[in-house]
Peer 1: 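The structure is given below, and queries will be raised subsequently.
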Amino acid sequence: MGRLSCFLLSILSLQVLCPNINMFFNQQPVMALPLYTDSRWIVDEGGQRVKLACVNWVTHLEVLVAEGLSKKPVDVISEQILDLGFNCVRLTWPLFLATNDTLASMTVRQSFRNLGLIESIAGLQANNPSIIDLTLVNAYQAVVSSLADNNVMVILDNHISKPGWCCSSFDGNGFFGDQYFNPDLWLKGLTRMATMFKANKNVVGMSLRNELRGPKQNVNDWYRYMQKGAEAVHSANPDVLVILSGLSYDKDLSFLLTRPVNLTFTGKLVFELHWYGFSDGEAWKTGNPNQVCGQVVNNTMRRGGFLLDQGFPIFVSEFGVDQRGTNVNDNRYFNCFLGWAAELDLEWALWTLAGSYYLREGVVGLEEVYGVFNWNWGETRNSSFLQRISALQYPFQGPGLAETSRHQIIFHPATGLCVLRKSLFEPLKLGPCTQSDSWSYTPQNILTLKGTYFCLQADGLGQPAKLGITCTQPNARWEAISDSKMHLSSKLNNGSPVCLDVDSATNVVVTNTCKCLSRDNMCDPGSQWFKLVGSTRQRVSGVGMKSSFRISSVLNALGKNLLGSFGSLL
C-alpha cells in the first residue's frame, strides 16, 4: 500500500474512532505569526482569518504561579488545552510581578512556603520539579514556553496590580490613580512584559488592563492613559496585538462611538468586552428569558458591539458559567450568549481553566465551579458544556475562508449543535455544526437547502419538521420572533403558530407551541432557541462524504422531477 493510501486510511480510522476529528481538520492552523487586524477580523501574515478561541489561565493570585501546577506537569496541561479545542490562553499577570524586582526574584518554593501551602509544594515537586526552584518571573516564562511548545497562542493580560483575587470597586486596583494603580508604574510594567516576550512569537497579544472600575474612572483619563499604554506596548513589541478594555468592569466602550482612539499605528488594535450572567444581576432568573436576552444583547451592542461596524475586532475576553448546571441564572444567560457570539463570530476567552486554586480569598484549595477542569484537575468538569462551545472554536467566515458562497447554518445554542439531514428518508436532526447543511434565508422568510428545491416546513404539533417543495404556503415561512429573535416561528395549515423545537430524547427537529413569549419568568425557552449564523465554510462530512453527496444528488434530482410534476403548486 502506498504512503498516500496509508495516510488516507489513517485519517479515516481517526474519524471512526474520534467523530469530532472533523472539527480539528476544519480548524485553520496558525502558521504565519504574528497576527494583525483586517477590519473587524484577526488574520495571520498570509491574510488568513485566525479566530481566538481562548481559555483564561489564572496567574495573578498571591502565589504568583499558574494554577494547577501542583496537580499536573505544565506540558500536560498545555497539551490538554489544545486537545480541548482551545488555540489560545489568556494568561493573567499582576503588575507587581513586572515592577517589583524583590517579588519577581522570589522562588516558587519560597512563595508557597510564605503562604503556608506545604501540600502544594509537595505537588509541585512531584509534577513540576524543573519549575519549583525558579524565580516567579522565570516560572511565568516557563509556562509561556510550554504553551508555545504545544502551539498554543498566548495573550498576556495585566489583570490587577497587587496580587490577589479580582475585582472590587474599592480594592485599590480599579483605575488610574488608585492606591495600587500608579499609571507610570503601569507603563513601565507593560513595557517590561512586552520586551520580555518579544522573541516568543506565540505571544500574539497584550491586554493592557482588566476590568477598569471604581469611583475614579472617567473617560478623559481612559483616553490619556490607555493610548499611552498602547503606544508603550507597540513601541516595545510591534508584533503583538494591543487589546484595550473599557470602563465599568469592561462592559462599557460606548464613548468610542463618537471619539475614536488616536494612535500612531494601525492593524494591531483590538477591543475587549466581558459578559457574565451575574453582570445582569438576577435578571435571567427573575425575568422572562426572551425579554432579558433581547434587552441585554441590545445594551451590549450599544455599549461595545458597534465597534465591529467601525472595523475593529471584539474579543470577549471573559465569559463563563457555573458548569455544574444548577444555576438557573447562568443557564439562561448562556443560551443567549452562545447565540450572540455565534451570530457575530466573535473572538473569545472562557473563564476559566482552573478547577481549583492554591489559595483564593484566604481559602486553601478553593474549588472553581466555572473551571474547565474538576477540583483535582484530573478530568474535565462537564463534557456537555465543552460540546456546546465546540462550534464556536472555529471560524464561520472571514478573510481567506471563502470556501463556498455565503449561506446560513441553523445553530442550537442549548446543545451547541446545528440542524442537519442524514438522508432523504430520515428526519432533520441536530449534529456537529461542521457537518451542517447550507441554508438560504430568503426575504420571504423561507429557509431552503442551498442547491436544491427543498425548503423547511412545519407539519404539525410535535411532528418532525420536514423538507418539501411547496414553498409558498404559510408553513414554509419562518420568522425570527420574540425579543430574543431566536424563536423560528411558522404556521401550520390550520393557521396555528408553532416554533422550531428539539425532541430531547432523539435530537429530532420538531415543531411545538411557542414557549415563553409572555412575561412569564418560570419557563425556559432554550430548546426553541435557534440562531441563523452566516458562514462561508464548506461542510465537512467525514466518512459519510460520498454517500452524502449521493443523497444530495438524489434530493436534487427528485426535486427537479417533483417540480416538473407539481410546478403549479409553487
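Here the structure is a predicted model, which is why all the values come from computation and not from measurement. Below, each value reflects all heavy atoms present in this structure, side chains not excepted, and no hydrogens, waters or symmetry copies.
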Peer 1: Would you check if W439 and T448 make a side-chain contact, meaning some heavy-atom pair closer than 4.5 Å?
Peer 2: no
Peer 1: Is there a donor-acceptor contact under 3.5 Å linking the side chains of N56 and T352?
Peer 2: no
Peer 1: Please tell me if the side chains of I410 and L447 come closer than 4.5 Å, counting only heavy atoms from C-beta onward.
Peer 2: yes
Peer 1: Apply side chain to side chain contact (heavy atoms under 4.5 Å, CB included) to the pair K268 and Y36, showing each step before the final yes or no.
Peer 2: CA-CA 5 Å; K268 288 289 182 178; Y36 301 86; 3.7 Å; yes
Peer 1: Should L401 and P395 count as side-chain neighbours, where that means a heavy-atom distance under 4.5 Å?
Peer 2: yes
Peer 1: Would you mind checking if K72 and E79 are paired as a salt bridge, meaning a charged N to carboxylate O distance below 4.0 Å?
Peer 2: no
Peer 1: Write down the atom of N210, the atom of C166, and the distance for their closest heavy-atom approach.
Peer 2: ND2-SG, 3.5 Å
Peer 1: Measure up the Y333 and W284 rings against each other and bin them: parallel (under 30°), tilted (30 to 60°), perpendicular (over 60°).
Peer 2: perpendicular
Peer 1: With a 4.5 Å heavy-atom cut-off, do V419 and H412 have their side chains touching?
Peer 2: no
Peer 1: List the residues meeting side chain to side chain contact (heavy atoms under 4.5 Å, CB included) with D459, not counting sequence neighbours, and say none if there are none.
Peer 2: Q463, K466
Peer 1: Under a plain distance cut-off of 3.5 Å, with no hydrogens placed, do R332 and N288 share a side-chain donor-acceptor pair?
Peer 2: no
Peer 1: With the side chain counted from C-beta on, respond yes when C514 and Q528 share a heavy-atom pair under 4.5 Å apart, and no when they do not.
Peer 2: yes
Peer 1: List in chain and number order the residues that pass side chain to side chain contact (heavy atoms under 4.5 Å, CB included) with V261, two or more places apart in sequence or in another chain; answer none if no residue qualifies.
Peer 2: W222, Y223, Q227, L244, L256, L263, L269, F271
Peer 1: Is there side-chain contact between V510 and D501, with heavy atoms separated by less than 4.5 Å?
Peer 2: yes
Peer 1: Please report whether the ring centroid of W478 lies less than 6.0 Å from that of Y441.
Peer 2: no
Peer 1: Report yes if some heavy atom in the side chain of V509 is under 4.5 Å from a heavy atom in the side chain of L500; otherwise report no.
Peer 2: yes
Peer 1: Using side chain to side chain contact (heavy atoms under 4.5 Å, CB included) as the criterion, list what pairs up with R360, not counting sequence neighbours.
Peer 2: L61, W165, Y357, L366, E368
Peer 1: Keeping to residues at least two apart or across chains, list the salt bridge (Lys or Arg N to Asp or Glu O under 4.0 Å) pairs with something in residues 511-533.
Peer 2: E343-K531
Peer 1: Only counting residues at least two apart or in another chain, list the ones meeting side-chain hydrogen bond (donor to acceptor under 3.5 Å, both in side chains) with S207.
Peer 2: D157, E272
Peer 1: Do H407 and S440 meet the criterion of a side-chain donor-acceptor pair at a distance under 3.5 Å?
Peer 2: no
Peer 1: Among residues at least two apart in sequence or on other chains, which ones pass side chain to side chain contact (heavy atoms under 4.5 Å, CB included) with T286?
Peer 2: E282
Peer 1: Over 60° means perpendicular and under 30° means parallel, so tell me whether W529 and H487 are parallel, tilted or perpendicular.
Peer 2: perpendicular
